[in-house]
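Chain A is the first sequence line, chain B the second, and so forth, proteins listed ahead of strands; every chain is numbered from 1.
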2 protein chains.
Amino acid sequence: MKKITIKDVARESGVSIAAVSYVLNGKFNKVSDETIRAVKEAAENLNYVPDFSARSLVKNKSMLIGVIIPQTEENSDIVIVNPFYSDVLGGIETKARENGYHILLSRVERGRGCFDVSMQRNLDGAIILGAYEEDYCKELSKVKMPVVFLDSYVNNENFYMIGIDDLYGGYIATKHLIANGHEDIAIVTGKIKNHGVMEKRFHGYKKALEEAGIPFRQEYVYSGSVNYEYGIAAGNEIVNSGLPVTAIFATADIIAFGAINSLKAWGKQIPEDYSIIGFDDLSITRMFTPPLTTVRQDIAQKGMVAADLLIDILEGRNKKGIKEMTLSLNIVERATVCQLTK
Amino acid sequence: MKKITIKDVARESGVSIAAVSYVLNGKFNKVSDETIRAVKEAAENLNYVPDFSARSLVKNKSMLIGVIIPQTEENSDIVIVNPFYSDVLGGIETKARENGYHILLSRVERGRGCFDVSMQRNLDGAIILGAYEEDYCKELSKVKMPVVFLDSYVNNENFYMIGIDDLYGGYIATKHLIANGHEDIAIVTGKIKNHGVMEKRFHGYKKALEEAGIPFRQEYVYSGSVNYEYGIAAGNEIVNSGLPVTAIFATADIIAFGAINSLKAWGKQIPEDYSIIGFDDLSITRMFTPPLTTVRQDIAQKGMVAADLLIDILEGRNKKGIKEMTLSLNIVERATVCQLTK
DNA sequence: TTGTAAGCGTTATCAG
DNA sequence: CTGATAACGCTTACAA
């Protein structure tokens, strides 16, 4: 069965290919009602489906949005382990589909990856998930397409950003612990990079401490990777450190899960022995025991907002010239933080 | 900055565009070493990146693989809630990237969805995740591209299948419970459709029962959706049923999580009051408490195998003419099943 | 209102 | 070995 083209539709409906194109593109002011009807009928009958490659070639618009998951050292796993990605991906896909765009999913290593894929595919735009790296920006600024960064603090005129107030998040998390009487609060976090999300949350932690007059102790900082395994490792370290830690701020739920499980494995009670607060409120958090107290951000919502913004830009609807959006955050109290009793 | 085309490279290197194309496509037998060098250098200098749309147009090959997540009633969530999808997606993406393909992610409702996207984008092939529907097959058989189904029992010559032996899985799961002395075994499962995965697991359950001489009881069948919420609902029902259930076979881990949590909420002990075995061994299972005994399948592996098979077909490497692959299954014993003591 | 024809960036055919 | 040139399917001036 050979491909049905616009030509076939033209022949079938007895008009020129130009007329067909007009009808198919809704340029109704250029054609008669009669033509419209005929073309529509023929297209329907023949099961005509436009070829996006051809369209992309001439219009230089692909209706494709790249979703790029940077491949970092900490994130080199075969599977997209962090459920954060699937939550956000769902949000992006939903909005893209609603607007007739498709999603091109691609993990890329540092280097030319981003640039190449965007050029090859004539991507209309891209959304980059977390894990900001200087390299990505440099290569991406050579591309003319709009790029929305999620959870990255990039200092670049060409880019858009969707994020949360990470400093504030770290701040309220820590404050919540302090309000419950804790002073020996460890922080377990991913690698603290300059201008990174983790750094902001860390600063929030320090700020809350300072404000409460609690001295910051470097020994209370556990910094590794944003994954379950590191949470476990950190939990072990804390137990064996001999430090009088009573509470832990995990800068990601997934780390909190690891920490809690390792603590439990040492026979510790949560929250009696250690109060713990996480960050993200992943969709799988509701399945976890004990119910995790955490700083909630609406992750799927974040994906939707990112896609909406990108599409608005693409369609020239970003009238307000938004370059940056910050989504709200709130603490959801469940069962892993309790009042410190001495 | 305007687009660098093959023409620019030709001009820069002082040869014809045809020669450039030859070099870029590795047809070295048609050009001199001198030309090769010149072209490569020019391409490098100009940062030339081939345009896949143009290539796709003439070669009728897009280097795009569609990953289709059917949108069913039970699966209509905004987010791709079932972590199963992200696990498998990671596997697919890995293999695709290794082979120079990109992934087009698309959820589709019943109807023309699949067909349209595959035609529009000139997809080279597609992988369809679970949730078999008669509709999909019908529309897809009109497309000439190879399609690999994951976890679907399709009876159609044109398609390929990657799956597991679901009947066997249901069988060993139930047998494991029986071996631990249980006879009053409930099954909590997604909707049991003809030729569906859930039906097979259900048959496995019945077979194990029969083999052990335990009468099948319809009251022990809880059938709903494959999600956490249904697990909770079923757990509640079981507790309130007054039935002497001592063990539960949940046909998906995610259901098991819900069931366990609702059971715990009723003050029940797992596994003392209820032994539970799941199915899948999701990557998040290791984070769950208590550690879930389950029928393990390697989900990321499944994604990789599917992508490998599809790509082999696309590149004419499926010499053995494989149409169907069944991956292995095994029980991993953790802590949610115990010997029944009366 | 309609149709003709010139591209869009590639590849592939076929003479030189 | 090399280079015009005709496709591929579509959009869009421009003419009719």
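- Boundaries of the chain A contact region on DNA chain C are dT1(C) to dG9(C), first to last in 5' to 3' order (nucleotide atom under 4.0 Å from a heavy atom).
- With sequence neighbours left out, the side-chain hydrogen bond (donor to acceptor under 3.5 Å, both in side chains) criterion links Ser16(B) to no other residue.
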Contact pattern, 5' to 3', of nucleotides 10-16 of chain D - B, S or - by protein heavy atom under 4.0 Å: BBBBB--
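- At the heavy-atom level, Asn122(B) lies nowhere under 4.0 Å from the strands shown.
- Residues forming a side-chain hydrogen bond (donor to acceptor under 3.5 Å, both in side chains) with Asp312(B) (at least two apart in sequence, or on another chain): Arg317(B).
- By the side-chain contact (heavy atoms from CB on, under 4.5 Å) test, Ser56(B) pairs with Ser53(A), Ser62(B), Asn122(B), sequence neighbours left out.
- Overall, the helix from dT1(C)-dA16(D) to dG16(C)-dC1(D) carries an axis bend of 50° between its ends, with five pairs at each end and the value rounded to 10°.
- Pro50(B) pairs by the side-chain contact (heavy atoms from CB on, under 4.5 Å) definition with Tyr48(B), Phe52(B), Arg55(B), not counting sequence neighbours.
- In this view, Tyr101(B) satisfies the ring-ring contact (aromatic ring centres under 6.0 Å, His included) rule with no residue, not counting sequence neighbours.
- Using a 4.0 Å heavy-atom criterion, one finds that Asn60(A) contacts no nucleic acid atom at all.
- Applying the salt bridge (Lys or Arg N to Asp or Glu O under 4.0 Å) test to every pair with at least one member in residues 37-46 of chain B, sequence neighbours left out, gives these pairs: Glu34(B)-Arg37(B), Arg37(B)-Glu41(B).
- By the side-chain hydrogen bond (donor to acceptor under 3.5 Å, both in side chains) test, Ser13(B) pairs with no residue at all, sequence neighbours left out.
- Taking CG of Asp308(B) as the start and NZ of Lys95(B) as the end, the distance is 4.5 Å to the nearest 0.5 Å.
- Among the atoms of the strands shown, only primed sugar atoms or phosphate atoms (P, OP1, OP2) are found under 4.0 Å from some heavy atom of Thr35(A).
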Report, one line per pair, each donor and acceptor closer than 3.5 Å where one atom sits in a side chain of residues 19-31 of chain A; sequence neighbours left out.
unit_1, atom_1, unit_2, atom_2, d
Ser21(A), OG, Asn25(A), ND2, 3.2
Asn25(A), ND2, Ser21(A), O, 2.7

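- Applying the salt bridge (Lys or Arg N to Asp or Glu O under 4.0 Å) test to every pair with at least one member in residues 4-25 of chain B, sequence neighbours left out, gives these pairs: Asp8(B)-Arg11(B).
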